[in-house]
Amino acid sequence: ELNLPRAIMTEKAYPEDEEVVTTTVNAGGAPGVSNEIVHEQRFGERNQIEVSVPIDFVHPQPGLWYGGFGDVGLGLKRVLFANNGADGDILSVQSGVIFPSGSRIHGLGSGVFEFEEFASFGQILPWNSFFQLQAGADLPVDTKVAPQSTFFRAAVGKNIWQDHYLGRWWTPIVELLGSRDVTGTAATDFDVMPEVEVTLSARQHIRADLGYSIPAANTQGRHPQLMFYVLWDWQDGKLTEGW
């Protein structure tokens, strides 16, 4: 089964039919809450289109909040190869554009068109475990407004089933997250995020994941974040079905 569990940050290689709502809450520093609604839809056997809509709330100073839509993204994924089997693996690439729909003045957007390019890889491991990788770059069209950046993400996890595969499905995951602006003086940000995904419905088409992102390198001015998502695999049933 190459449709591996979804980590919070590391993008899967497998094309999906899902709706995902992810929320990030600052656990330190300036208060802030960001939400991202992602629609993923397959077409053909190996392709997926993705639309992401962020809704952010920032608190730049006491008594002042700004909220609204961030920069909307549109992406296209293509599976390059998939090897089914007990030790199967899958590789895909995705190319997308991020539109400057959020307010840069209020800290809700970059103010410039960006292209996002990345590759994703998934590997099945023994004992119901798995490993996933993602590496890519964000490429704004005007680097005077926003810098180019690269990112690397990795996730390792293990599936645990209750009641001999018939009950709830728990998946502890650890993600390693790195990013760096492409400038001469930029340092590399590195975070570690332990998390747990759990199935909410008996059909396993509705799931949730809760994680805590901890800065591990270049920590100056960066703080932990609480992150969670709710996922609905709409090809497997309606929201009201399968409970």
Side-chain angles (χ1 to χ4, degrees), residues 4 6-15 20 22 24 26 29 32 34 36 38 40 48-52 54 56 70-81 89-102 104 107-123 130-157 173-195 211-225 227 229:
L4 301 173
R6 185 185 196 274
I8 292 178
M9 292 294 295
T10 306
E11 181 80 14
K12 293 169 59 172
Y14 193 87
V20 185
T22 302
T24 302
N26 292 344
S34 63
E36 184 181 40
V38 177
E40 300 171 337
Q48 173 197 292
I49 190 169
E50 176 179 300
V51 180
S52 61
D56 299 330
D71 292 344
V72 173
L74 177 65
L76 178 64
K77 177 183 291 183
R78 169 70 178 178
V79 176
L80 299 184
F81 76 78
D89 49 22
I90 181 172
L91 174 68
S92 67
V93 293
Q94 181 164 321
S95 180
V97 59
I98 302 173
F99 301 89
S101 51
R104 183 168 182 260
L108 303 175
S110 68
V112 63
F113 280 93
E114 296 184 33
F115 294 98
E116 184 182 55
E117 317 292 332
F118 64 80
S120 294
F121 175 77
Q123 175 70 60
F130 60 87
F131 179 64
Q132 299 185 71
L133 288 174
Q134 180 192 8
D138 292 317
L139 307 172
V141 297
D142 187 350
T143 56
K144 295 179 180 179
V145 178
Q148 296 180 346
S149 62
T150 60
F151 58 88
F152 173 83
R153 299 163 184 167
V156 60
I173 301 171
V174 176
E175 287 191 83
L176 306 178
L177 311 169
S179 64
R180 185 182 186 276
D181 290 343
V182 185
T183 62
T185 59
T188 300
D189 295 342
F190 185 72
D191 297 346
V192 178
M193 180 158 58
E195 63 197 74
Y212 192 71
S213 179
I214 305 166
N218 191 31
T219 60
Q220 183 68 31
R222 302 196 307 119
H223 302 277
Q225 293 181 313
M227 303 183 70
Y229 71 64

Query raised in the report: Nearest heavy-atom pair of P140 and A146: which atoms, and what distance?
Result: CG-O, 3.0 Å

Query raised in the report: Do side-chain atoms of R104 reach the backbone of S110 as a donor and acceptor pair under 3.5 angstrom?
Result: yes

Query raised in the report: CZ of F81 to CG of L91: how many Å apart, nearest 0.5 Å?
Result: 5.0 Å

Requested in this report: Find the distance between CD (Q94) and CD1 (I49) and round it off to the nearest 0.5 Å.
Outcome: 10.0 Å

Query raised in the report: Should we say atom CZ of F151 is surrounded by more than 12 heavy atoms from elsewhere, each under 6.0 Å from it?
Result: yes

Requested in this report: Could you tell me whether the side chain of E11 reaches within less than 4.5 Å of the side chain of E50, counting heavy atoms only?
Outcome: yes

Query raised in the report: CG/D191 to CD/Q225 distance, rounded to the nearest 0.5 angstrom?
Result: 7.5 Å

Query raised in the report: Looking only at heavy atoms, which two atoms of F152 and L133 are closest? And how far apart?
Result: CZ-CD2, 3.6 Å

Report task. For the pair F121 and D89, evaluate side chain to side chain contact (heavy atoms under 4.5 Å, CB included) and give the outcome as yes or no after the intermediate values. Result -> CA-CA 7 Å; F121 175 77; D89 49 22; 3.7 Å; yes

Report task. Mark yes or no for whether Q132, through its side chain, and T10, through its backbone, hold a donor-acceptor pair below 3.5 Å. Result -> no

**Report entry** Sidechain-backbone polar pair: D71 side chain, S101 backbone, donor-acceptor under 3.5 Å
**Finding:** yes

Query - Test: E40 and K77 ion pair at under 4.0 Å - result: no

Query raised in the report: For the atom pair CD (Q148) and CZ (F115), what is the distance rounded to the nearest 0.5 Å?
Result: 11.5 Å

Query raised in the report: Nearest heavy-atom pair of L4 and F131: which atoms, and what distance?
Result: CD1-O, 4.5 Å

Query - From CA spacing to verdict: side chain to side chain contact (heavy atoms under 4.5 Å, CB included), V38, T22 - result: CA-CA 8 Å; V38 177; T22 302; 5.9 Å; no

**Report entry** Shortest non-hydrogen contact from G70 toward D56
**Finding:** CA-OD2, 4.3 Å

Query raised in the report: Is the backbone N or O of A7 less than 3.5 Å from a side-chain atom of E175, with the two atoms forming a donor-acceptor pair by type?
Result: no

Query raised in the report: Any side-chain heavy-atom pair from P224 and S213 closer than 4.5 angstrom?
Result: no

Query raised in the report: Between the side chain of Y229 and the main-chain N/O of R6, is any donor-acceptor distance below 3.5 Å?
Result: yes

Report summary line: CG of L139 to CD of E116, rounded to nearest 0.5 Å, is 9.0 Å

Query raised in the report: How far does CD1 of I173 sit from CD of E195, to the nearest 0.5 angstrom?
Result: 4.5 Å

**Report entry** Heavy-atom closest contact (P15 atom, Q48 atom, distance)
**Finding:** CA-OE1, 3.3 Å

Query raised in the report: If you look at every heavy atom in T24 and M227, which pair is closest and at what distance?
Result: OG1-CE, 3.3 Å

Report summary line: Exactly one candidate in T219, N218, D181 meets side-chain contact (heavy atoms from CB on, under 4.5 Å) with D189; the answer is N218

Query raised in the report: Taking it one step at a time, do S92 and V79 satisfy side chain to side chain contact (heavy atoms under 4.5 Å, CB included)?
Result: CA-CA 4 Å; S92 67; V79 176; 4.2 Å; yes

Report task. Report the C-alpha distance between Q134 and S120 in whole Å, list the side-chain angles of each, state the deciding distance to 0.1 Å, and finish with yes or no for side-chain hydrogen bond (donor to acceptor under 3.5 Å, both in side chains). Result -> CA-CA 4 Å; Q134 180 192 8; S120 294; 4.7 Å; no

